[in-house]
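Below is one structure, written out as structure tokens, with a few remarks after it.
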There are 2 protein chains.
Amino acid sequence: MAKPSLPQGTRDFNAETVRKRNYIFDTIRAVFELYGFQPLETPAMENLDTLMGKYGDEGDKLIYRILDSGNPFTANFFLELGFWFKKASEKHEEFKKNNPQLATETNPYDFPIYQLNPDFIKIIADTLSKDETKKYLPKLKQETSGKALRYDLTIPFARYVAMNFGQLTFPFKRYQIQPVWRADRPQRGRYREFYQCDADVVGSNSLLNEVELANIYATVFEKLGIDVEIKINSRKILTALAETCGGADKMMDITIAIDKLDKIGIEKVKQELRGKNLDENQISIVEKYLLIEGNNVEKLIELNKLIPSSENVKKGIEELEFVLNYQQPLTAHHSPLTIDLTLARGLNYYTGIIFEVKAKNVQMGSIGGGGRYDDLTGLFGVPNIPGVGISFGVDRIYDVMEELKLFPEQLQTGTQILFFNLGEKESKAAFNLMQTLRSNNIKCELFHEQSKFDKQFKYAEKKNIPFIAILGSKELEENTCTIKNLKTGEQKTVSQNELPAFSFDVA
Amino acid sequence: MAKPSLPQGTRDFNAETVRKRNYIFDTIRAVFELYGFQPLETPAMENLDTLMGKYGDEGDKLIYRILDSGNPFTANFFLELGFWFKKASEKHEEFKKNNPQLATETNPYDFPIYQLNPDFIKIIADTLSKDETKKYLPKLKQETSGKALRYDLTIPFARYVAMNFGQLTFPFKRYQIQPVWRADRPQRGRYREFYQCDADVVGSNSLLNEVELANIYATVFEKLGIDVEIKINSRKILTALAETCGGADKMMDITIAIDKLDKIGIEKVKQELRGKNLDENQISIVEKYLLIEGNNVEKLIELNKLIPSSENVKKGIEELEFVLNYQQPLTAHHSPLTIDLTLARGLNYYTGIIFEVKAKNVQMGSIGGGGRYDDLTGLFGVPNIPGVGISFGVDRIYDVMEELKLFPEQLQTGTQILFFNLGEKESKAAFNLMQTLRSNNIKCELFHEQSKFDKQFKYAEKKNIPFIAILGSKELEENTCTIKNLKTGEQKTVSQNELPAFSFDVA
């Protein structure tokens, strides 16, 4: 028999890890709720056409598709389908001969079935007999058009808002904590199944939302004990920079280059911009922009000097000032919010304020990010709903907390007390006592069989159970119970009535 | 643009439903922990060969397989594969002619690709040129062999135990609360994505585990406020019945027939047994067995009369008596545990005590079930680990609680207080006050923009926010805040310092 294994890029979480992860989830969830966000859960499976085309070509390739089971692909199915395509392809060749404008088209079969050229689909249908059409088309559709695994939480959220538009109260504030799946190459810290933690507000242009979201970041990381820098910028400032350096249409080119600054350094960014046809003067402005330093106020002053007469810079600065001033006076030195003009947030659909969170004191990529977008639900036929959202990178937060030893020790208390099994009569008494303790929220177990003390001790030790209880004939007679703290070795005889009030917390 | 939709048999859960579902999950989880069970989480994706063949032929068909993405099936792929199979099939026909013993075999292509006849696979490989083998085999393997969605929590648990055998402490007690997926025909109350809630102990033969699990059932349903009957039986008694009625090999036939008693009635059960070659005398024993009535003690006495001299009946009765006597004296009339000799638990792998839970006062199938099994991890090469487990049917529990109106009303408190937006200065003051309230765990929001009171009231109403706060120029001057309870209409002016201590609970 083959040794069982897990799919690459997936993980089992044992009790210790589940508890630590839940500590992060619970902390984030509680803060989301303090800020008026409400939970939403969407299914792991979405219709394929809900997801396809939303994440760029590269993203599309990373979507896990699900086969409608029950009728799995049989070899026979391939065989028949092969003949069928063959038949259709001959007709198609003829069709191309009569339609020379199609002669240069690429091989019409070289597409996923669900993306086949409609012309070709029509030829297939025309080629087949009625019986064949009946036989193959539904099966082909069923097998391939179906479903896919959730790739992120944003598109399902947009789909939900579009589907339930009439029932929702706007601004609609939702949070969502669920796993997503990506057919990515697994590597250290990158998994094929991982959790996302998002909060979004849609249906409001108010910058008060950005203020609240920045505060959610600050509050969550304070509660987790992680010292962070919350970086903030505005996409409008990046637009202004592009307008000054070759025109607004250079915005994405410049943004993508800037986004790589951390990884490739200033010289390579300049080289990349040269490749995008920026002249040396324009590149020097970008360089000056990237070198702007100082505290938040100083940065904005420098920025205003570099790009003085732009409407977008004005708006971008106003946005930043609004958010920063709500936190505390802009001049405060201890602000957790730092303007980072080099912050770009890659290829995303952001249009206004953008965020990114980095942990101090530890080498790690961003542990959170987000920003404002203009028209997410437009993809699903409901236009003009602006929104803003943030996301927490739970796997990285977990790694940071492990590295800095930030998980509280008492998290790992499972069972608090193990009753030794000393025989049938004693077990029954222990069982009754345990029922009382449990109704007082004390977690306890009775060892499953009467066996040597040594074996029972080992079980307690291995399971990290801090207390053991002995209920032998002497104790039964005296209506007491002997409690031993395994950490300190301390032993006490307690009256059974007083046991529920005994402190079973770890010293 | 097509209106977005959800895959059949899947659901979005809005805030209200998430809260209610979490109430059920949290209750079950807390009780599991009180009894010393530790959490485990396994990935949604398992290797296909971990799951295939574990759920019977019908189950196998309901497993959702996942396509390794990146290289989706192209029409071209089908086309080429078709030719390839055609080529191989001609060889295969020849092979069959020379091997007449294979002439009667079914169409070798009528299988899922991953289950193809090994003979045929070999012919395929022999038929192909080296180049073709290189081209097709890895792709075919990659596309089809891959992964599948978790179908239940039991097999992944067994896989986990087998994989981590050396690291675990036995008896190993784990609970798991996660979704599973089945390609079943969706219908009322049956979904393609739904949660399971399991607790299992493996590595112990002790009946104390059954006692504890029965108590978990009793405690959870008491906490949820659902009046239940916990039915209990032993598979050993069913074995004894079979031994008396045609031999031990009739055990599954009799069990399957008995399992249908509720649905088809006694006459049809008898008819089914006739079909399984039981004679009228044997059938009459089964009928007498099914008609045994009375309290727990009376049932066991009748049973002992019907099948007096069987080792298995003796063992089965001992098991039941052990579990019942631990709960309370066997003669107690208010026992939540009821012996139900007609309980069979269908096709499952149980070997000892079996459980099933039904809600009283409401028409609904079982809301929980479980039992003892002998050798689950043997499937994965680690034999002789006995175990026992129970499962909660969360969707049905939810429906029962809805029908009986058992969800606590205060569950639905999201935001407790909405601060009206009365302008910039007022908003900043509200923002600061909110920060204080939030650090006192009071959930609050500020309306996102300055607008008519009417609009702000409506938002509070629609979101079911019980209190609103007015912080206008007068209140700012006096350092107070006006609080209105939207349910009672009561209005109070409170000093800002005292606000964190104000009771924002719903009256």
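Every chain is numbered from 1 and lettered A, B, ... according to where its sequence line falls, protein lines coming before strand lines.
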Worksheet item: At a heavy-atom separation under 4.5 Å, does B/Tyr35 approach chain A through its side chain, its backbone, both, or neither?
Response: both
Discussion item. Please report the interatomic distance CG(B/Leu168) to NZ(A/Lys463), rounded to the nearest 0.5 Å.
Written reply: 11.0 Å
Worksheet item: Do the charged groups of B/Arg438 and A/Glu212 touch, with an N to O distance under 4.0 Å?
Response: yes
Discussion item. What part of B/Phe170 gets within 4.5 angstrom of chain A, counting heavy atoms only: side chain, backbone, both, or neither?
Written reply: backbone
Discussion item. Between B/Leu208 and chain A, with a heavy-atom cut-off of 4.5 Å, which part of the residue counts as in contact: side chain, backbone, both or neither?
Written reply: side chain
Worksheet item: Counting heavy-atom pairs under 4.5 Å to chain B, which of A/Cys444, A/Pro156, A/Ala158 comes out on top?
Response: A/Cys444
Practice prompt. Would you kindly say whether B/Ser206 and A/His448 are connected by a side-chain donor-acceptor distance under 3.5 Å?
Written response: no
Worksheet item: Between B/Glu16, B/Lys462, B/Met163, which shows the greatest number of heavy-atom pairs under 4.5 Å with chain A?
Response: B/Met163
Item to complete: Examine whether an atom of B/Thr42 lies under 4.5 Å from a heavy atom of chain A, and if so say whether it belongs to the side chain, the backbone or both; otherwise answer neither.
Response: both
Worksheet item: Given that the side chain runs from C-beta out, which part of B/Ser5 has a heavy atom under 4.5 Å from chain A: side chain, backbone, both or neither?
Response: both
Discussion item. On a heavy-atom basis, which atom in B/Tyr326 and which in A/Phe431 lie closest, and how many Å separate them?
Written reply: O-CE2, 3.3 Å
Discussion item. If you define the side chain from C-beta out and look only at heavy atoms, does anything of A/Arg159 sit under 4.5 Å from B/Asp12?
Written reply: yes
Response to the item:
Turns out that what part of A/Asn215 lies under 4.5 Å from chain B's heavy atoms comes down to side chain
Worksheet entry | Expected output: side-chain B/Glu193 to main-chain A/Ala44 donor-acceptor under 3.5 Å | yes
Fill in: Pairing of A/Glu33 and B/Arg19 as salt bridge, 4.0 angstrom limit
yes
Worksheet item: Which residue out of A/Pro7, A/Ser439, A/Gly36 racks up the most heavy-atom pairs below 4.5 Å with chain B?
Response: A/Pro7
Practice prompt. Would you give the length of the straight line joining atom CG of B/Leu6 to atom NZ of A/Lys147, rounded to the nearest 0.5 angstrom?
Written response: 11.5 Å
Worksheet item: Is any side-chain heavy atom of B/Thr10 closer than 4.5 Å to a side-chain heavy atom of A/Glu46?
Response: no
Practice prompt. Under 4.5 Å heavy-atom distance to chain B, tell me which part of A/Thr50 shows up: side chain, backbone, both or neither.
Written response: side chain
Discussion item. Need one label for A/Arg11: side chain, backbone, both or neither, based on atoms under 4.5 Å from any heavy atom in chain B.
Written reply: backbone
Worksheet item: Which residue out of A/Leu34, A/Thr415, A/Leu40 racks up the most heavy-atom pairs below 4.5 Å with chain B?
Response: A/Leu34
Worksheet item: B/Asp184 versus chain A, heavy atoms under 4.5 Å apart: side chain, backbone, both or neither?
Response: neither
Worksheet item: Of the backbone (N, CA, C, O) and the side chain (C-beta and beyond), which part of B/Gln435 lies under 4.5 Å from a heavy atom of chain A, both, or neither?
Response: side chain
Practice prompt. Please tell me if the side chains of A/Met45 and B/Tyr64 come closer than 4.5 Å, counting only heavy atoms from C-beta onward.
Written response: yes
Response to the item:
Under 4.5 Å to a heavy atom of chain A? For B/Leu149 that would be side chain
Worksheet item: B/Tyr175, B/Phe447, B/Trp181: which one forms the most heavy-atom pairs within less than 4.5 Å of chain A?
Response: B/Trp181
Worksheet entry | B/Asn14 CG to A/Tyr160 OH distance, which is reported to the nearest 0.5 Å | 5.0 Å
Worksheet item: Does A/Val31 offer a backbone N or O that forms a donor-acceptor pair with the side chain of B/Lys443 under 3.5 Å?
Response: no
Discussion item. Quick check on the interface: out of B/Gly414, B/Pro171, B/Pro179, who has the most heavy-atom pairs with chain A under 4.5 Å?
Written reply: B/Pro171
Discussion item. Less than 4.5 Å to any heavy atom of chain A: does that hold for the side chain of B/Ser427, its backbone, both, or neither?
Written reply: both
Worksheet, complete the sentence: Max heavy-atom pairs within cutoff under 4.5 Å with chain B, candidates A/Lys458, A/Lys173, A/Lys428, goes to A/Lys428
Worksheet item: Hey, what do you get for CD (B/Gln8) to CG (A/Asn47), rounding to the nearest 0.5 Å?
Response: 10.0 Å
